[in-house]
Amino acid sequence: MASEPSGRRAGDWTHKSQRTHDQANTIIKDPGAKKWYQDTFWIIFFLVILWPVGVVLMWRSDWHIAVKVIVSVLLAGVVYLSFSMWSAVQASMGA
């Protein structure tokens, strides 16, 4: 059976006061680290797949304000064109 350098084996019982806190700290992530939803990959993913969520994540991120405005304007243009094309198709089918 494998043992640690301290001589303890897996499953050995230790009192709460004998435990080292270093083991617990290796499990906890750095508190200053970015959350998964703040990562640029996920923001772009949601902008493409589920754009309302992507817009919210983008505006809450640390992206430069110019990039946020440009992406928002482009996305609004795409939504407008999509709606106008849908309206044209509906009008041509109803006539």
Could you pull out all donor-acceptor pairs under 3.5 Å where a side-chain atom in residues 70-77 meets a protein atom, sequence neighbours excluded?
residue	atom	partner	partner atom	Å
S72	OG	W59	NE1	2.9
S72	OG	K68	O	2.8

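- Side-chain atoms of S82 do not come within 3.5 Å of backbone N or O of V79 as any donor-acceptor pair.
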Enumerate donor-acceptor pairs with a distance under 3.5 Å from any side-chain N or O in residues 31-56 to protein atoms, sequence neighbours excluded.
residue	atom	partner	partner atom	Å
Q38	OE1	K35	N	3.0

